[in-house]
Amino acid sequence: MSQPAAPIPADDDTAPTLVFSHANGFPAGSYRQLFEIWRAAGYRVLALDKIGHDERFPVSLNWPHLRDQLLELIESHTSRPVWLVGHSLGGYLSVLTAAQRPDLAAGVVMLDSPILPPLLGRAVQLAQLTGLGKRYSPGAISRRRRHQWPDA
């Protein structure tokens with residue numbers, strides 16, 4: 001069983017709290033310079049180092065468990081509303097978290113997050129259900145990458 005992802009250290013618990021969620025494939029440590037700017041501005045910054053690596057919160061369709069992982073981080077550090085800030089997937093998780101527990105959200109900031117209009121969202125759902133999503137997704141392109149070459 002894997003260990004739960006440890007949060008990036010928090011600062012003063014009396015300061016306004018900003019909970020950051022990283023993009024897929026970029027652990028929270030990638031954003032340390034940004035965190036330092038926010039801390040210098042007076043924010044307490046919390047972030048899970050790696051979202052989706054804790055077996056208690058498996059990756060699944062529509063990411064409800066990843067949202068729950070983010071909620072657990074918030075609930076374990078404060079009962080006051082926090083600013084939810086996320087990059088890409090992290091922004092989407094921030095919205096899901098705020099929708100689930102609006103009492104814990106002072107606001108949401110999404111950085112380059114994929115929010116689809118309803119009609120396009122339904123088309124993506126249909127593609128997922130029919131298997132077309134796997135064929136034409138970025139993941140499909142990744143699976144076709146070469147890992148070996150005939151020579152250097």
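No hydrogens, no waters, no symmetry mates; every other heavy atom, side chains included, goes into these values.
- Nearest heavy atoms, V95 versus M110: CG2-SD, 3.2 Å.
- In terms of heavy atoms, P81 sits closest to A106 at CB-N, 3.8 Å.
- Atoms CZ and CG, from R67 and L93 in turn, are 9.5 Å apart once rounded to the nearest 0.5 Å.
- Below 30°, between 30° and 60°, or above 60°: for W63 and Y92 the angle between ring planes is above 60°, a perpendicular geometry.
- Smallest separation of non-hydrogen atoms from D112 and H87: CB-CD2, 4.2 Å.
- Note: F35 and F20 have perpendicular aromatic rings, judged against thresholds of 30 and 60 degrees for the angle between ring planes.
- Closest approach of S113 to S88, counting heavy atoms only: OG-O, 2.9 Å.
- Rounding to the nearest 0.5 Å gives a distance of 12.0 Å between CD of Q69 and NZ of K50.
- Here the shortest heavy-atom pairing between A15 and R44 reads CB-N, 4.0 Å.
- Residues Y31 and L18 share a single hydrophobic cluster, defined by chaining ILVMFWY side chains whose heavy atoms lie under 4.5 Å apart.
- To the nearest 0.5 angstrom, R101 atom CZ is 12.0 Å from L70 atom CG.
- When each of L96, V85, T97, L84 is paired with V108, the side chain to side chain contact (heavy atoms under 4.5 Å, CB included) condition holds for L84 and for no other.
- With rounding to the nearest 0.5 Å, the separation of CG in L89 from CG in L66 is 6.5 Å.
- Note: I74 CD1 to S79 OG = 12.0 Å, rounded to the nearest 0.5 Å.
- Distance check, rounded to the nearest 0.5 Å: CG of L73 to CG of D68 gives 12.5 Å.
- Hydrophobic clustering keeps I37 apart from L111 (ILVMFWY residues linked when any side-chain heavy atoms are closer than 4.5 Å, directly or through intermediates).
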Next item on the list: Report the C-alpha distance between L104 and L71 in whole Å, list the side-chain angles of each, state the deciding distance to 0.1 Å, and finish with yes or no for side-chain contact (heavy atoms from CB on, under 4.5 Å).
Entry: CA-CA 9 Å; L104 290 179; L71 274 170; 4.1 Å; yes

